[in-house]
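Heads up: the structure comes next, in structure tokens.
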2 protein chains.
Amino acid sequence: MEHLKIDDVAKECGLTKRTIRYYEELGLIPPPERSEGGMRLYTRTHIERLKQIMNARDVLGFSLQEILDFVAVGENLDELKEQYVKIEEVDAKLAQLRDIEAIVSRQLDMVDQKLAKMNEFRKDIERIQKRVTDGIAKFSKEKES
Amino acid sequence: MEHLKIDDVAKECGLTKRTIRYYEELGLIPPPERSEGGMRLYTRTHIERLKQIMNARDVLGFSLQEILDFVAVGENLDELKEQYVKIEEVDAKLAQLRDIEAIVSRQLDMVDQKLAKMNEFRKDIERIQKRVTDGIAKFSKEKES
DNA sequence: TCTAACGTTAACGTCAACGTTAACTTTTGC
DNA sequence: GCAAAAGTTAACGTTGACGTTAACGTTAGA
């Protein structure tokens, strides 16, 4: 593993070092390994995660707390995968998976609603654009006469 | 015109009265007429506007300042429409319209980029969903055996 | 080897976007 | 006609999401 220092990560992501530590503090990214002297050593996976978080934050307008819910699902899933499952625990696992499925379905619905509204918004702007181009056409004609 | 009081507007939009006054203060909505005693009297148009603003804020994750830019374009356009235009001013108007067109085009691009990223995000969630349903299928089979 | 550049924690500062409260006037139902 | 409900301005409080600074330890290169 290449040992990425926090400043490398900051530069690649376009975040500040403070923000990266803050996200770790909130639990948005897993705590990275440390060097002998206590320096944070990141991996590529951290960068992926950070970029996903930035997307959710900037593009979807999610709060960090909301993003934490999304992250939690993935984490939860990874955990389930790791565990060795005894026969008599299968039912419990299934119940957990169904819970997660419910959450994920709601998340998908949320995103779909956002997508719908965003398309509405796009149409609003298109209408304005039409008004402008119509105006341009009109004045262009007046100029000719 | 029906005279809507601020509380009516608040209830229909799901905003607080404070927020509505705040948006007026920022210039996000035009100042409504006032009653004899200074009470704000709103119209349907205000409600439309407020709903658009909420969309931009919640769904697109725009800051109020950014929304102000969007609003400004429409306002600007309305203004241009009202004005009587002398022959020798036609060129100036055309220039203004072209400026607005450029802004609107950039806004459309922004929204399209957001749409693209939101679709990406949707796919991420779908992938997780698949992992979950696969897991459920797998454990269901194990149960049978 | 030593110093400049970079890292660490911890605490306080800031800004947007409202919420809350106070002190007051207007409107409405009986 | 008068209390209660709803409106007004103005000022201060709060919360989320970091920025900034201080005080200090670590690491890399000449």
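Per chain, numbering begins at 1; letters A, B, ... match sequence-line order.
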On DNA chain C, more 5' by nearest nucleotide between B:S35 and B:S63 is B:S63
Rounded to whole angstroms, how far apart are [atom1] on [X] and [atom2] on [N]?
X     : N      : atom1 : atom2 : value
A:Q65 : D:dG16 : CD    : C1'   : 9 Å
A:R40 : D:dT27 : CZ    : C1'   : 17 Å
A:H3  : D:dT26 : NE2   : P     : 16 Å

Apply salt bridge (Lys or Arg N to Asp or Glu O under 4.0 Å) to B:D8 and list each qualifying residue two or more places apart in sequence or on a separate chain.
-> none
Kindly check if the number of other-residue, nucleotide or ligand heavy atoms within 6.0 Å of CD (B:E89) is above 12?
-> yes
Non-neighbouring partners of [X] that pass side chain to side chain donor-acceptor pair (under 3.5 Å), sequence neighbours left out:
X      : result
A:K51  : none
B:E75  : B:R49
A:K93  : A:Q83
A:K138 : none

Residue set satisfying ring-ring contact (aromatic ring centres under 6.0 Å, His included) with B:Y23, at least two apart, ordered chain then number -> none
With sequence neighbours left out, what residues match B:E88 under side chain to side chain contact (heavy atoms under 4.5 Å, CB included)?
-> B:K86
Min and max contacting nt of DNA chain C in 5' to 3' order, chain B heavy atoms within under 4.0 angstrom, are C:dA17 to C:dT27
Inter- and intrachain pairs under ring pair (Phe, Tyr, Trp, His ring centres under 6.0 Å), touching residues 83-103 of chain B, at least two apart = none
Per the under-4.0 Å heavy-atom filter, residues of residues 5-28 of chain B near DNA chain C come out as B:T16, B:R18, B:T19, B:Y22, B:Y23
Residues from residues 44-52 of chain A sitting under 4.0 Å of DNA chain D, heavy atoms only?
-> none
Anything under 3.5 Å between a donor and an acceptor, one on a side chain of residues 14-22 of chain A, the other on a protein residue two or more places apart or in another chain? List them.
residue : atom : partner : partner atom : Å
A:T16   : OG1  : A:T19   : N            : 3.1
A:T16   : OG1  : A:T19   : OG1          : 2.7

